[in-house]
**Student:** 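Questions regarding the structure given below will be posed in turn.
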Amino acid sequence: MLEGIAYLDNSVYDCWRFNDQQFESGKIYGLVSEYQQGCMYLSYLLGGKIDFGNLKIYGNGIELSRNDLAYHSWNLEPSKETYRKAKVKKSIENALKKNNSEENFKDIAEKFILTPQRFDRKFFQLSTERWRACAALGYAKGKRIFYAPYQTSSFYYQMCQSGLLKALKELTNSGAIVLLPVGSDHFIKYIADICIDLNVQYQYDINRLKELYQHYGNNNWIH
C-alpha cells in the first residue's frame, strides 16, 4: 500500500494510504476520516492541488494529469483561492458570458439561493452563504469536480441549514461530483449519496498500554 503525504500549506499536513476509489458523476461524496488521516488529502488530490507521484487517476478510461484535474475542479472554500476578492454578481456574470451560457445571473441566483443584499460582496466577506456563492461561480464556469477542505460535522449541519444542500444538489443535477471531507459521518451520511471511510485501521495493543500505565506508578486503570 502506497502512502501519500501532503503539506497543503504551512499549517496543514495530511496523510492518505492510497487505495482504489471510484467516483461517479452526479453524486455527493462524504470523505470521512479523523483529522490528518486522508479525507482532505483525497479531496485536494482530485482538485489538482497535490502531486500524484506514482498514483494513476482515470476519467472515463482516460488517464488524467494533475493539470487536467485542476482545470475541471473548483474549491468551495474561497479563503485561499485567487477569486476570494472577486465580487459575486460580477464574477458570475463574466463566467456565464465567457461560456456563452443560455442561463443568466437571475437563473443562477435562484438556483443557489443568493441574497440580493450580498450580490456586490466579495466572496471572502460572506459567511454561511460563501459556499453557495462559490458553488454558483464554479457552476457558471462549467466545473465538474467540487472539492473542499476538512470540516467538522457541525460545520456541514450549520451550512446546510442555510441552504447549502440545495446548492450541492444543483451541482450534482448538472452531472458534477462533490467531495466533502469531514471528521465523522454523524451528519454527512444524511446528505451525501456515498460515504467513504478513509480512517487507517490501527491495531491498538491495550494490554501493553495497561502495563506501561502500571509501570509509571498508577494502578487505577479505567475500563
Side-chain angles (χ1 to χ4, degrees), residues 1-24 27-53 55 57 66 69-70 72-84 123-138 143-165 167-169 171-172 176-202:
M1 189 75 72
L2 296 174
E3 186 172 272
I5 300 175
Y7 294 91
L8 303 178
D9 56 37
N10 292 331
S11 61
V12 178
Y13 163 90
D14 201 10
C15 181
W16 176 48
R17 293 193 177 186
F18 296 148
N19 50 65
D20 289 340
Q21 299 290 347
Q22 292 186 341
F23 298 90
E24 298 179 26
K27 292 188 182 299
I28 299 172
Y29 287 87
L31 306 180
V32 182
S33 79
E34 292 187 23
Y35 186 59
Q36 298 183 343
Q37 284 199 19
C39 64
M40 189 160 77
Y41 186 108
L42 183 54
S43 177
Y44 274 52
L45 181 76
L46 296 176
K49 293 285 190 180
I50 298 172
D51 183 38
F52 288 4
L55 190 66
I57 297 180
R66 178 178 175 180
L69 288 177
H72 291 289
S73 300
W74 190 253
N75 193 351
L76 290 169
E77 175 52 60
S79 61
K80 295 181 181 179
E81 296 297 327
T82 55
Y83 68 91
R84 65 187 181 276
F123 285 92
F124 80 95
Q125 294 174 327
L126 302 173
S127 54
T128 54
E129 190 169 332
R130 72 184 185 281
W131 278 28
R132 296 204 310 269
C134 293
L137 178 56
K143 301 299 182 179
R144 310 308 301 158
I145 301 173
F146 291 79
Y147 66 101
Y150 171 91
Q151 299 291 350
T152 62
S153 293
S154 60
F155 171 87
Y156 286 112
Y157 177 65
Q158 292 165 3
M159 292 288 272
C160 283
Q161 287 185 94
S162 69
L164 177 63
L165 182 56
L168 299 182
K169 288 299 185 181
L171 298 178
T172 55
I177 295 172
V178 176
L179 307 166
L180 304 178
V182 63
S184 77
D185 69 352
H186 291 167
F187 175 71
I188 209 75
K189 63 186 176 184
Y190 296 109
I191 67 169
D193 297 299
I194 298 173
C195 286
I196 301 175
D197 186 353
L198 298 172
N199 283 298
V200 176
Q201 301 301 313
Y202 290 113

**Student:** Might you work through the side chain to side chain contact (heavy atoms under 4.5 Å, CB included) test for I177 and L46, ending with a clear yes or no?
**Tutor:** CA-CA 10 Å; I177 295 172; L46 296 176; over 6 Å; no
**Student:** Assess whether side chain to side chain contact (heavy atoms under 4.5 Å, CB included) is satisfied between L179 and L42, documenting all intermediate values.
**Tutor:** CA-CA 9 Å; L179 307 166; L42 183 54; over 6 Å; no
**Student:** Measuring only between side-chain heavy atoms, which start at C-beta, is Y83 closer than 4.5 Å to W74?
**Tutor:** yes
**Student:** Look at the side chain of Y150 and the backbone N and O of G38, then say whether any donor-acceptor pair between them is shorter than 3.5 Å.
**Tutor:** no
**Student:** Heavy atoms only: give me the nearest R132-T128 pair and the separation to one decimal.
**Tutor:** NH1-O, 3.9 Å
**Student:** When rounded to the nearest 0.5 angstrom, what is the spacing between SG in C134 and NZ in K143?
**Tutor:** 13.5 Å
**Student:** Closest heavy-atom contact between A148 and P181?
**Tutor:** O-CG, 3.1 Å
**Student:** How long is the gap from CE on M40 to NZ on K49, to the nearest 0.5 Å?
**Tutor:** 11.5 Å
**Student:** Within a radius of less than 6.0 Å around OH of Y157, do more than 12 heavy atoms belonging to other residues, nucleotides or ligands occur?
**Tutor:** no
**Student:** Starting at CD of E34, measure out to CG of D197 and round the result to the nearest 0.5 Å.
**Tutor:** 9.5 Å
**Student:** So, do W131 and F146 have ring centers that fall under 6.0 Å from each other?
**Tutor:** no
**Student:** Hey, is CD on Q22 packed in by over 12 heavy atoms from elsewhere, all under 6.0 Å?
**Tutor:** no
**Student:** Relative to the ring of Y29, is the ring of F23 parallel (under 30°), tilted (30 to 60°) or perpendicular (over 60°)?
**Tutor:** perpendicular
**Student:** Would you mind checking if E81 and R130 are paired as a salt bridge, meaning a charged N to carboxylate O distance below 4.0 Å?
**Tutor:** no
**Student:** Under the criterion side chain to side chain contact (heavy atoms under 4.5 Å, CB included), I'd like the reasoning laid out for Y147 against N75: C-alpha separation, chi angles, the key distance, then a yes or no.
**Tutor:** CA-CA 5 Å; Y147 66 101; N75 193 351; 3.6 Å; yes
**Student:** So, does S33 use its side chain to make a donor-acceptor pair with the main chain of C39 at under 3.5 Å?
**Tutor:** yes
**Student:** Kindly give the heavy-atom pair with the smallest separation between L69 and L45, and that separation in Å.
**Tutor:** CD1-O, 3.6 Å
**Student:** For the CD atom of E24 and the CG atom of D193, what is their distance to the nearest 0.5 Å?
**Tutor:** 9.5 Å
**Student:** Roughly how far, to the nearest 0.5 Å, is CZ of F123 from OG1 of T82?
**Tutor:** 11.0 Å
**Student:** Restricting to non-hydrogen atoms, name the atom on R66 and the atom on I50 that form the minimum distance, rounded to 0.1 Å.
**Tutor:** CD-O, 3.6 Å
**Student:** A side-chain contact here means heavy atoms from C-beta on lying under 4.5 Å apart; do F187 and C160 qualify?
**Tutor:** yes
**Student:** If you round to the nearest 0.5 Å, how far is CD1 of I191 from NZ of K169?
**Tutor:** 8.5 Å
